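What follows is a single structure, written as structure tokens, with notes after it.
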Amino acid sequence: MSSTQPAFKVLIGHPDVPTEAIDLLRANNCEIVQILSEPPQNRIELLEKIKGVDAALWNSRETLNAQVLIAAGPQFRVVSTMSSGINFIHLDELKKRNIPLGSTPKMLSIAVADLAVGLLIAAARRFEEARRKIDSDQWENFRLNWLVGQDIQGSTVGLFGFGAIGQAIAQRLAGFEIERVLYTTRSRVDAKIEEKLNATKVDFDVLLAESDFIVIAAPLTPETQGIFNAKAFNKMKKNSVLVNIARGKLVNQDDLYEALKSNRIFAAGLDVTDPEPLPPSNKLLTLDNAVVLPHIGYATERSRLEAAILAAQNILCGLHGKPMPSPAY
């Protein structure tokens, strides 16, 4: 086929997708159709522009469901996200149409793990409360016990979820001379990984009871939704710090608010919430011992670029009937 005649039509689902990924698709004989409006106003544009395309680099802020696939048409054959999570995609609808799905978790692991460590430190050392003291002119460093936080050195860190991101977090925390890592997953990881990271698989109750820090790094599933609730918080140490860089719905936020407000647990650091965006009037934001960020875990230039290029490679392989370098299933 002549290079002047595009072989495939690809929808780019967001105006901010790095141009390097789009250029890669164009260089491989793809015609580009791009969404130009920002979410959440772009659903109408998306349903119109997806008609007749062969593939889509999907925007994680939009739900990919039967409505979208019907609008696309029977020629639609492949989709990839440039994200780790895929809970916004109706997998059953893709699978019954034999449409392969790509995602990009490996490209995001480093950035998210770095942020998780930052949140852990910020919550443990009371960054939010300390800044509020400055803002309210309550700098009291004449007191010896002022703004005393929790030590990371010698601590037990629990990872709820121990995939690529969880292991990257554990690897980084090893430099802080932590005592040990506990983790909870469906399946035990390789013994060599456990030895390298000084990690031990335990059940959920042990993770709650013995961890000084708990980092949530698991996918959102029907089984994990709301698993961090009042019952779980009551099993945690009073000096424990909870960090969530996974999905907001894994935590019952009303219960978390009560646990933090009553000092049932020491602090929390959240990069994900329910809902997103979190309203500025949300009661969690009134707490000194809650550090809340607006879901910026993978927001670095390198991770966005590498994820976009990998998503484009997923699409190209799928279009040509080849295995994707990073399939979601």
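The chain is numbered in sequence order, starting from 1. Quick note: numbers below take in every heavy atom, side chains included, and nothing from hydrogens, waters or symmetry partners. This structure is a prediction, so every number in the text was calculated from the model and none was measured.
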Would you find a donor on one side and an acceptor on the other, under 3.5 Å apart, between the side chain of Thr184 and the backbone of Val202? yes
Is the backbone of Leu284 close enough, under 3.5 Å, to the side chain of Asn282 for a donor and an acceptor to pair up by distance? yes
Can you establish whether the number of heavy atoms outside Arg302 located under 6.0 Å from its atom CZ is more than 12? no
When you look at CZ of Arg125, are more than 12 heavy atoms from neighbouring residues, nucleotides or ligands closer to it than 6.0 Å? no
Verify the neighbour count for atom CZ of Arg97: are there more than 12 heavy atoms of other residues, nucleotides or ligands below 6.0 Å? yes
If hydrophobic clusters are built by linking Ile, Leu, Val, Met, Phe, Trp and Tyr wherever their side-chain heavy atoms come under 4.5 Å apart, do Ile152 and Leu159 end up in the same one? yes
Donor-acceptor under 3.5 Å (Thr63 side chain, Asn65 main chain): no
If you apply the rule side chain to side chain contact (heavy atoms under 4.5 Å, CB included), what do you find for Glu45 with Gln34, and how did you get there? CA-CA 10 Å; Glu45 182 186 2; Gln34 188 162 14; over 6 Å; no
Looking at Lys133, I want to see if its NZ is surrounded by more than 12 non-hydrogen atoms of other residues, nucleotides or ligands under 6.0 Å. yes
Hey, does the side chain of Asp271 reach the backbone of Ile245 with a donor-acceptor pair shorter than 3.5 angstrom? no
For atom CZ of Arg143, is the number of surrounding heavy atoms from other residues, nucleotides or ligands below 6.0 Å larger than 12? yes
Evaluate whether atom CD of Glu195 has more than 12 neighbouring non-hydrogen atoms of other residues, nucleotides or ligands under 6.0 angstrom away. no
In this structure, are over 12 heavy atoms from other groups packed under 6.0 Å from Lys283 atom NZ? yes
Establish whether Leu101 and Met107 are linked, either directly or via other cluster members, by ILVMFWY side-chain heavy-atom contacts under 4.5 Å. no
Are the side chain of Ser155 and the backbone N or O of Val157 linked by a donor-acceptor pair below 3.5 Å? no
